[in-house]
Amino acid sequence: MSASGPGLPLASLYVGDLHPDVTEAMLYEKFSLAGPILSIRVCRDVATRRSLGYAYINFQQPADAELALDTMNFDIIKGQPIRIMWSQRDPGLRKSGVGNIFIKNLEESIDNKALYDTFSIFGNILSCKVVCDDHGSRGFGFVHFETREAAQQAISTMNGMLLNNRKVFVSQFKSRQEREAELGVRAKEFTNVYVKNLKTDIDEQGLEELFSQFGKTLSVKVMRDDSGQSRGFGFVNFEKHEEAQKAVMDMNGKEVRGQLLYVGRAQKWAERQNELKRRFQQMKQLKQDRLNHYQGVNLYVKNLDDSIDNERLRKEFSPYGVITSAKKRQRRP
DNA sequence: AATGAGCGA
């Protein structure tokens, strides 16, 4: 029988955000308090058997499932709040993001339950979460409503409201891509230009002289250390975007007093931090991936005689399987 | 400042 056949879906819950060690037995112990259970399954990776972090709880009675959802949502198992939803095998609503809203500037004591309670007056909530790290709330979260009307209601009445004395911002959820596209558009209209590789004896006046040919500048600044010495970079803010654009086009890579200038759009401090963080994490991930890739398939062979070269190494090991690389380390001189 | 993950493996 198809699992979407009559009877089943109405009494089936999806439980997500599970700690990887959560088992069927632990879920049974908890959820059977709401009523008789038909079956429970923690979904696992077929090869490794590791928990995928979600489970299904099938009740005999829909009313019991509803009771569980209403009373056990966000309860903590193994230190992690579980997130309960109705099982909905059709991914349409989830993927479309219709009805999904974003809330930021949440006061730290506002948790999942509080967020759920404040927003549930606008309509049926499919899923809701305050984003946390190990220090607690990160001050923002999501509420996914069943309908766009509910989401719209929530946005228009809650945006700008005080919640525990903090003014919250509520808006339509935007995917990372949408958001970056939006930032990109704004960034394209920049007027502030970042200049580096400046000789340290170039001051504001010198910088101004270099860039005034492109248009009227609103401000020119050379960044300095505590002793007042130039740090070799600065900012030129133009009145018009076109002028800033032209300054970048003409001056980037240009030699000024023996140094190649870097000239580009000035980033906001936060934007710069984000980029650095992202690059750092990307690098970390890359290293991890390589490590994982070689884990268990890379052999280290020591005590090789000088006469053995890469070719010979490969030949000796080739009977045991496909070799992707065989390299002998050069003896240090 | 911050815009997710997720459906019977």
Side-chain angles (χ1 to χ4, degrees), chain A residues 1-5 7-20 24 27 37-59 65 69 73-74 80-108 110 112 115-116 125-133 135-146 151 154-155 159 163 166-184 186 267-278 281:
Chain A
M1 181 193 93
S2 126
S4 56
L8 248 177
L10 281 174
S12 292
L13 297 179
Y14 165 95
V15 183
D17 294 352
L18 292 178
H19 185 284
E24 276 88 354
L27 292 172
I37 305 267
L38 212 53
S39 64
I40 294 190
R41 162 189 239 139
V42 172
C43 293
R44 297 176 183 281
D45 181 278
V46 67
T48 65
R49 303 307 294 157
R50 282 206 22 119
S51 166
L52 293 173
Y54 65 89
Y56 295 97
I57 320 274
N58 299 312
F59 284 90
L69 202 159
N73 204 4
F74 310 120
Q80 220 162 275
I82 63 175
R83 183 168 49 89
I84 310 177
M85 301 169 66
W86 287 105
S87 171
Q88 171 69 68
R89 304 191 75 175
D90 173 13
L93 242 190
R94 287 195 297 274
K95 285 191 28 206
S96 80
V98 166
N100 199 8
I101 67 173
F102 170 70
I103 303 111
K104 69 177 173 182
N105 209 31
L106 287 170
E107 194 265 338
E108 66 207 340
I110 295 176
N112 290 314
L115 190 68
Y116 191 100
I125 293 176
L126 300 177
S127 167
C128 159
K129 176 141 133 183
V130 172
V131 176
C132 290
D133 58 22
H135 310 129
S137 167
R138 290 182 60 198
F140 66 98
F142 311 92
V143 178
H144 196 159
F145 289 98
E146 191 173 15
I155 291 168
N159 186 32
L163 240 44
R166 287 265 297 264
K167 193 173 180 176
V168 294
F169 295 85
V170 185
S171 60
Q172 199 67 238
F173 168 80
K174 289 173 192 148
S175 73
R176 163 174 289 244
Q177 285 211 344
E178 288 171 297
R179 203 174 139 63
E180 276 177 3
E182 229 170 65
L183 287 174
R186 235 181 298 164
Q267 293 176 316
K268 286 187 183 159
W269 190 79
E271 190 186 354
R272 176 77 183 143
Q273 296 309 301
N274 270 333
E275 188 180 302
L276 290 173
K277 193 169 133 195
R278 209 182 49 227
Q281 278 171 348

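Every chain is numbered from 1 and lettered A, B, ... according to where its sequence line falls, protein lines coming before strand lines.
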Exercise. Choosing from B:dA2, B:dG8, B:dA5, which nucleotide comes nearest the side chain of A:H144?
Worked result: B:dA5
Exercise. Is A:F173 stacked on the base of B:dG4, with ring centres under 5.5 Å apart and planes under 30° apart?
Worked result: no
Problem set entry | side-chain hydrogen bond (donor to acceptor under 3.5 Å, both in side chains) partners of residues 38-52 of chain A, not counting sequence neighbours, each pair once | A:S39-A:N58, A:D45-A:T48
Exercise. Reckon A:L52 touches a base, only the sugar-phosphate, or nothing at all at heavy-atom distances under 4.0 Å?
Worked result: base
For this session: Kindly indicate whether the side chain of A:Y54 and the base of B:dA9 share any N or O donor-acceptor pair separated by less than 3.5 Å?
Result: yes
Seminar exercise, completed: Considering only heavy side-chain atoms of A:F140, the closest of B:dC7, B:dG4, B:dA2 is B:dA2
For this session: Answer yes or no: is there a donor N or O on one side and an acceptor on the other, between the side chain of A:H19 and the main chain of A:P81, under 3.5 Å?
Result: no
Exercise. Which pairs, with at least one residue in residues 96-107 of chain A and sequence neighbours excluded, count as a side-chain hydrogen bond (donor to acceptor under 3.5 Å, both in side chains)?
Worked result: A:N105-A:R166, A:E107-A:S109, A:E107-A:N164
Problem set entry | Distance test, side-chain N/O of A:R41 to OP1/OP2 of B:dA9, below 4.0 Å | yes
Seminar exercise, completed: When rounded to whole Å, the CG to C1' distance for the pair A:N112 and B:dA5 reads 14 Å
Problem set entry | N/O donor-acceptor pair under 3.5 Å between A:E108 side chain and A:S137 backbone | no
Problem set entry | Separation of atom CG in A:D133 from atom C1' in B:dG4, rounded to whole Å | 15 Å
For this session: Tell me what A:N100 touches on the nucleic acid: a base, only sugar-phosphate, or nothing, going by heavy atoms under 4.0 Å.
Result: base
Exercise. In whole Å, what is the span from the CZ atom of A:F102 to the C1' atom of B:dA1?
Worked result: 9 Å
Exercise. Whole-Å distance between B:dC7 C1' and A:K95 NZ?
Worked result: 12 Å
Exercise. Under 4.0 Å between a side-chain N or O of A:R179 and OP1 or OP2 of B:dA2?
Worked result: yes
For this session: Compare all side-chain heavy atoms of A:L126 with those of A:Q88 and state whether any distance is below 4.5 angstrom.
Result: no
Problem set entry | Minimum-distance nucleotide to A:R94 side chain [options: B:dA9, B:dA2, B:dG6] | B:dG6
For this session: For A:H19 and B:dA5, give me the distance from atom NE2 to atom P, rounded to whole Å.
Result: 19 Å
For this session: Whole angstrom is fine here: how far is it from OH in A:Y56 over to C1' in B:dA9?
Result: 10 Å
Seminar exercise, completed: Of A:C43 and A:N105, the one whose nearest nucleotide on DNA chain B sits closer to the 5' end is A:N105
Exercise. A:E108 has an atom CD; how far is it from atom P of B:dA1, in whole Å?
Worked result: 16 Å
For this session: Would you mind reporting whether A:F173 and A:I101 have side-chain heavy atoms less than 4.5 Å apart?
Result: no
Exercise. Base, sugar-phosphate, or nothing: which does A:E178 touch, judged by heavy atoms less than 4.0 Å apart?
Worked result: nothing
Exercise. Base, sugar-phosphate, or nothing for A:D90, non-hydrogen atoms under 4.0 angstrom?
Worked result: nothing
For this session: Report yes if a side-chain nitrogen or oxygen of A:R138 is closer than 4.0 Å to either non-bridging phosphate oxygen (OP1 or OP2) of B:dA1; otherwise report no.
Result: no
For this session: Grab the OH-C1' distance between A:Y14 and B:dG8 for me, whole Å please.
Result: 11 Å
